[in-house]
Amino acid sequence: MKIKDAEIISLMQDPRTQEKGVRALMDAYQSRLYWHIRRIIVDGDLAQDTLQETFIKAYQNFHQFKNDSQLYTWLYRIATNEALQQVNKMKKMQKSDEDPEYHMQNLIADNASGDAEEIQILLQNAIQSLPEKQKLVFMMRYYDDLPYEEISKIVDMSVGTLKTNYHYAKQKIEEYIKENYEDNF
């Protein structure tokens, strides 16, 4: 493994071969890091997102790798920090009973007799009340179920910014639904 690490480090340090180095880094460590992250973050999709963030951070900060530890140790530290940040974000956002998606599913289930159309109208009005960036991110994530990386390529925003915009959009939709549901139904 040492020779492999030495090759990866050499590729990563040369701007001409850096892309090849990133691919080699991912090939060598993707599985091990994924399962490390997955033990911290149970959700597979979120673990995959966190793994991608880990590799992005490793790529962006490779100049800080001092070769005084093994490459895997350095990556493991980054992965652990990223996973713990995700856990903290999930704790802050984890108000499942206040989640607009949760509300929408319950409202639709409770009112399947005929109010579903009105509830959809309420959701659409809530979405339309969002700022443009939040509306765009929410619709791509909620309706199209696109991963943040894909949305990032489409709208040219960082994944972190997208996640923040989605979180704020969900909060605003939740508030809108709470304020307007009882008035309308």
Side-chain angles (χ1 to χ4, degrees), residues 1-95 99 101 130-172:
M1 192 67 126
K2 281 282 190 196
I3 293 174
K4 183 112 176 145
D5 281 355
E7 291 173 23
I8 292 171
I9 292 167
S10 177
L11 290 169
M12 291 290 293
Q13 290 174 335
D14 185 347
R16 297 172 298 187
T17 59
Q18 198 169 34
E19 186 177 324
K20 186 177 179 182
V22 169
R23 277 188 259 120
L25 183 75
M26 291 174 73
D27 288 344
Y29 294 108
Q30 187 165 2
S31 181
R32 287 171 68 193
L33 289 173
Y34 172 79
W35 288 109
H36 167 64
I37 293 167
R38 182 72 189 264
R39 284 188 283 284
I40 298 170
I41 302 172
V42 178
D43 181 273
D45 290 336
L46 191 54
Q48 189 65 40
D49 289 348
T50 304
L51 177 64
Q52 294 305 317
E53 285 297 316
T54 298
F55 284 122
I56 290 168
K57 288 266 172 72
Y59 169 75
Q60 291 172 337
N61 297 299
F62 196 79
H63 63 280
Q64 295 178 352
F65 177 67
K66 303 295 183 213
N67 219 2
D68 57 356
S69 65
Q70 290 186 356
L71 185 56
Y72 179 71
T73 305
W74 184 71
L75 291 169
Y76 184 89
R77 201 171 323 133
I78 294 171
T80 301
N81 289 337
E82 288 296 309
L84 292 175
Q85 285 178 357
Q86 281 298 336
V87 167
N88 287 334
K89 286 179 191 175
M90 287 185 328
K91 283 180 184 175
K92 289 178 185 173
M93 293 190 310
Q94 198 168 40
K95 300 174 185 169
D99 185 353
E101 293 171 38
L130 295 172
E132 205 57 41
K133 284 182 187 176
Q134 290 175 7
K135 184 188 319 180
L136 183 64
V137 172
F138 183 84
M139 290 192 304
M140 282 194 246
R141 185 78 176 148
Y142 183 79
Y143 288 115
D144 300 331
D145 200 29
L146 292 176
Y148 287 112
E149 289 76 18
E150 190 73 25
I151 298 170
S152 176
K153 292 174 188 170
I154 294 169
V155 298
D156 196 29
M157 269 191 242
S158 75
V159 171
T161 301
L162 291 171
K163 288 179 179 180
T164 300
N165 274 292
Y166 185 73
H167 173 71
Y168 285 133
K170 284 174 42 175
Q171 280 182 330
K172 289 176 182 177

Which atom of Asp43 lies closest to which atom of Leu46, heavy atoms considered: OD1-N, 2.6 Å
Phe55 vs Ile78 side-chain heavy atoms within contact, under 4.5 Å: no
Over 60° means perpendicular and under 30° means parallel, so tell me whether Tyr142 and Phe138 are parallel, tilted or perpendicular. parallel
Separation between CD (Glu149) and CD (Gln52), nearest 0.5 Å, reads 5.5 Å
Would you say Asn165 and Met157 make side-chain contact, with heavy atoms under 4.5 Å? yes
To the nearest 0.5 angstrom, please state how far the CD atom of Gln60 sits from the NZ atom of Lys57. 7.5 Å
Does the side chain of Asp49 reach to within under 4.5 Å of the side chain of Val159, using non-hydrogen atoms? no
No-hydrogen, no-angle side-chain donor-acceptor test under 3.5 Å, Tyr148 and Asp45: no
Look up atom CZ in Arg23 and atom CG in Asp27, then write down how far apart they are to the nearest 0.5 Å. 8.5 Å
Go through the steps for Phe62 and Gln13 under the test side-chain contact (heavy atoms from CB on, under 4.5 Å), then give the verdict. CA-CA 8 Å; Phe62 196 79; Gln13 290 174 335; 3.9 Å; yes
Main-chain N/O of Ala6 paired to Ser10 side chain as donor or acceptor, under 3.5 Å: no
Gln64 backbone acceptor or donor facing Asn61 side chain under 3.5 Å: no
Can you name the nearest heavy-atom pair linking Ile37 to Ala83, along with the distance? CG2-CB, 4.3 Å
Which pair of heavy atoms, one from Lys172 and one from Leu130, lies closest together, and at what distance? CB-CD2, 3.6 Å
May I have the step-by-step check of side-chain contact (heavy atoms from CB on, under 4.5 Å) for Thr50 and Arg38, ending in yes or no? CA-CA 9 Å; Thr50 304; Arg38 182 72 189 264; over 6 Å; no
Do we see a donor-acceptor contact under 3.5 Å between the side chains of Thr161 and Ser158? yes
Show, in sequence, the C-alpha distance, side-chain angles and deciding distance for Asp5 and Tyr29, and conclude whether the side chain to side chain donor-acceptor pair (under 3.5 Å) test is met. CA-CA 10 Å; Asp5 281 355; Tyr29 294 108; 2.3 Å; yes
Pairing of Asp68 and Lys66 as salt bridge, 4.0 angstrom limit: no
Roughly how far, to the nearest 0.5 Å, is CG of Leu162 from CD of Gln134? 11.5 Å
Please examine the side chains of Leu51 and Trp35, heavy atoms only from C-beta on, and report whether any two atoms are closer than 4.5 Å. no
How about CZ on Phe65, more than 12 heavy atoms from neighbouring residues, nucleotides or ligands closer than 6.0 Å, or not? yes
More than 12 heavy atoms of other residues, nucleotides or ligands under 6.0 Å from OH of Tyr168: yes or no? no
What distance separates Ile8 CD1 from Lys20 NZ, expressed to the nearest 0.5 Å? 11.5 Å
Atom of Tyr34, atom of Gly44 and distance for their closest heavy-atom approach: OH-CA, 3.7 Å
Please test Tyr59 against Thr54 for side-chain contact (heavy atoms from CB on, under 4.5 Å), starting from the C-alpha separation and ending with a verdict. CA-CA 9 Å; Tyr59 169 75; Thr54 298; over 6 Å; no
side-chain contact (heavy atoms from CB on, under 4.5 Å) between Leu25 and Leu11, intermediate numbers included: CA-CA 10 Å; Leu25 183 75; Leu11 290 169; over 6 Å; no
Is Gln48 close to Glu53 at the side-chain level, that is, under 4.5 Å between some pair of heavy atoms? no
If you draw a 6.0 Å radius around CD in Gln18, do more than 12 non-hydrogen atoms from other residues or ligands fall strictly inside? yes
Crowded around Lys135 NZ? As in, over 12 foreign heavy atoms under 6.0 Å? yes
Which distance, rounded to the nearest 0.5 Å, do you find between the NZ of Lys4 and the CD1 of Ile9? 12.5 Å
